Amino acid sequence: MPELPEVETVRRQLARSLVGCIITGVERVEPSMLLGVTPATLAEELAGARVLGVCRRGKFLLVKLHDEAYLTLHLGMTGQILLTATCTGWGPHDRFVLTLSSEAEPQPDGGPQDDEDHSEPCAHPGREEHKEAPAVLVFRDIRKFGRVEFGRGAPPARVTRLGRDAWVGEWGPEYVAACLHGRRAPIKAVLLDQRHLAGIGNIYADEILFAASLSPLREAGGLNEEEVERLAVAIRERLTEGVRARGCSISDFVDTQERPGTYQEVLQAYGRGGEPCARCNGTLQRTVVAGRGTSYCPACQR
DNA sequence: CCCAAGTCCTGGTTGC
DNA sequence: TGCAACCAGGACTTGG
């Protein structure tokens with residue numbers, strides 16, 4: 001599942017490869033995944049548009065174009081963004097395809113220089129990605145949960161109504177405490193609610209709660225100060241680890257070069273129901289919380 | 001047939 | 001009682 005670390009992995013690659021490029025055309029678009037514009041208008045708007053930056057907020061990617069335009073991408077649960085130098089023909093799940101050309105004049109500054117929280121300087125400047133501008137961007141999505149949105153003036157409402165970015169956002173234990181205050185919903189449901197902290201999905205929610213030794217079933221408003229502090233630390237740490245691992249490829253996720261991440265190798269809770277707990281050697285239990293499959297250790301997650 | 005799960009939407013409940 | 005905030009559950013999607 002593309003959650004914050006997976007989307008950040010893709011953002012870094014897109015920022016490196018796309019900034020300064022000109023979109024030359026829209027080769028393909030799945031209308032049911034398109035929001036805010038018709039396919040015809042989208043093609044018209046994007047043709048000739050220069051990419052100014054690539055930002056992220058929660059699980060959303062924002063491709064900033066000239067004239068205050070934003071192309072907003074959400075990967076849903078099986079979405080992939082692939083960059084290739086040549087077109088080798090489309091597959092049945094290629095829902096949105098852009099062609100690109102590099103500019104003669106390189107941008108003075110490659111990275112996204114955005115006001116907001118979504119961008120981190122690229123941490124691996126030496127890594128080989130595309131030196132050349134890619135010719136094609138493919139948004140591949142087996143299920144059609146992904147979304148492509150175009151708008152002008154400001155990012156779309158589905159982005160502006162998000163809470164603070166769960167990784168690079170400015171927040172601390174007090175903010176988390178305020179989010180949880182008075183809530184009777186289970187703590188995991190609040191972690192998954194993008195209006196509070198944006199970017200946490202089902203995998204990282206389970207990992208964060210394991211790291212914080214908190215039961216996903218706990219009533220959110222019932223956490224004490226010390227537990228909130230542990231939770232806040234676990235959120236930053238698990239997401240940082242996820243980004244460092246270049247994402248979790250337990251299901252379909254791959255980066256723009258079709259390479260998997262490695263976070264699936266260090267999962268302690270997600271998907272491990274019935275297996276021994278790495279911390280206390282108890283048995284992880286599987287249940288359903290907030291309508292989502294949930295694994296946790298009843299012995300040491302309290 | 002059920003399961004996986006992102007986001008949006010609806011309808012019922014809670015509490016001031 | 002009225003109303004808003006809150007919360008659970010369903011729709012959507014397709015391959016395993």
Side-chain angles (χ1 to χ4, degrees), chain A residues 1-11 29-36 56-62 72-81 90-96 139-149 151 155-163 165-167 177-209 216-223 239 242 247-254 263-264 267 269-274 284-296:
Chain A
M1 264 68 61
E3 303 178 27
L4 190 153
E6 291 73 33
V7 178
E8 175 63 16
T9 299
V10 170
R11 186 202 67 78
V29 59
E30 164 60 48
S32 68
M33 289 170 57
L34 194 56
L35 296 168
R56 180 189 58 73
R57 176 92 170 266
K59 304 171 193 172
F60 288 79
L61 282 168
L62 293 104
T72 304
L73 305 173
H74 193 288
L75 300 180
M77 64 181 283
T78 55
Q80 306 173 346
I81 303 280
W90 320 130
H93 304 123
D94 295 347
R95 313 292 185 183
F96 180 60
F139 184 170
R140 184 172 292 170
D141 190 11
I142 296 174
R143 301 185 202 152
K144 298 175 181 171
F145 277 26
R147 291 293 179 266
V148 175
E149 184 161 12
R158 48 175 38 74
V159 171
T160 56
R161 68 168 165 245
L162 292 173
D165 189 87
W167 187 48
C179 292
L180 305 184
H181 180 74
R183 303 274 174 158
R184 305 189 60 186
I187 178 70
K188 179 169 173 176
V190 178
L191 286 182
L192 292 174
D193 188 337
Q194 307 296 301
R195 294 171 299 181
H196 298 117
L197 285 174
I200 300 167
N202 203 36
I203 296 172
Y204 290 92
D206 276 9
E207 294 304 304
I208 286 163
L209 289 166
L217 304 165
R218 279 281 295 281
E219 196 170 289
L223 269 61
L239 295 176
C248 179
S249 296
I250 200 166
S251 62
D252 313 79
F253 174 73
V254 290
Y263 196 74
Q264 67 281 2
L267 291 175
Y270 179 84
R272 299 196 59 223
L284 297 178
Q285 188 171 327
R286 196 199 118 86
T287 182
V288 174
V289 180
R292 298 292 173 250
T294 298
S295 299
Y296 73 108

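Lettering of chains follows the sequences in order, A, B, ..., and the numbering in each one begins at 1. Given the structure is predicted, the values throughout are model-derived calculations rather than measurements.
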- Item | A:Asp252 (side chain) donor-acceptor with A:Thr78 (main chain) under 3.5 angstrom | no

- Query: Counting distance only, does the side-chain N/O of A:Gln194 pair as donor-acceptor with the main-chain N or O of A:Gly199 below 3.5 Å?
  - Reply: yes

- Task: Assign each of A:Val288 and A:His74 to its nearest nucleotide of DNA chain B by heavy atoms, then name whichever residue's nucleotide is nearer the 5' end.
- Result: A:Val288

- Look at the side chain of A:Arg57 and the backbone N and O of A:Leu162, then say whether any donor-acceptor pair between them is shorter than 3.5 Å. yes

- Task: Could you tell me the separation between the CZ atom of A:Arg143 and the C1' atom of C:dG16, rounded to a whole number of Å?
- Result: 9 Å

- Quick one: label A:Arg161 by what it contacts on the DNA or RNA (base, sugar-phosphate, nothing), any heavy atom closer than 4.0 Å. sugar-phosphate

- Among C:dA8, B:dG15, B:dA5, which is the nearest nucleotide to the side chain of A:Met77? B:dA5

- Message: For C:dT14 and A:Lys144 - does any side-chain N or O of the residue sit under 4.0 Å from the phosphate oxygens OP1/OP2?
- Response: yes

- Query: So, A:Arg11 side chain and A:Leu62 main chain: donor-acceptor pair closer than 3.5 Å or not?
  - Reply: no

- Spacing of A:Asp206 atom CG and A:Leu191 atom CG [to the nearest 0.5 Å]: 10.0 Å

- Does C:dG15 have OP1 or OP2 sitting under 4.0 Å from an N or O in the side chain of A:His93? yes

- Task: For A:Phe145 and C:dT13, say yes or no: do the ring centres fall under 5.5 Å of each other while the ring planes differ by less than 30°?
- Result: yes

- How long is the line joining OH of A:Tyr204 and C1' of B:dA5, in whole Å? 15 Å

- Message: If the cut-off is 4.0 Å, is A:Arg184 near the phosphate of C:dC6, judged by side-chain N/O to OP1 or OP2?
- Response: no

- Item | Atom-pair distance (NE2 on A:His196; P on C:dC7), nearest Å | 8 Å

- Message: What is the distance, to the nearest angstrom, from the CZ atom on A:Arg195 to the C1' atom on C:dA5?
- Response: 10 Å

- Message: Need one value for A:Gly79: base, sugar-phosphate or nothing, where a base atom within 4.0 Å counts as base even if backbone is also close, heavy atoms only.
- Response: nothing

- Task: Round to a whole Å and report the spacing from CG of A:Asn202 to C1' of B:dC3.
- Result: 13 Å

- Spacing between A:Arg147 atom CZ and C:dA11 atom P, to the nearest angstrom: 17 Å

- Task: Provide the distance between the two P atoms, one in C:dA11 and one in B:dC1, to the nearest whole Å.
- Result: 14 Å

- Protein-nucleotide distance (A:Tyr270, atom OH; B:dG6, atom C1'), rounded to Å: 12 Å

- Item | Distance, rounded to the nearest Å, where A:Arg183 contributes CZ and B:dT14 contributes P | 16 Å

- Message: What contact category does A:Pro186 fall into here, base, sugar-phosphate, or nothing, at under 4.0 angstrom with non-hydrogen atoms?
- Response: sugar-phosphate

- Message: So A:Arg286, base contact, sugar-phosphate only, or nothing? Heavy-atom distance under 4.0 Å.
- Response: sugar-phosphate

- side-chain N/O A:Gln194 vs B:dG6 OP1/OP2, d < 4.0 Å: no

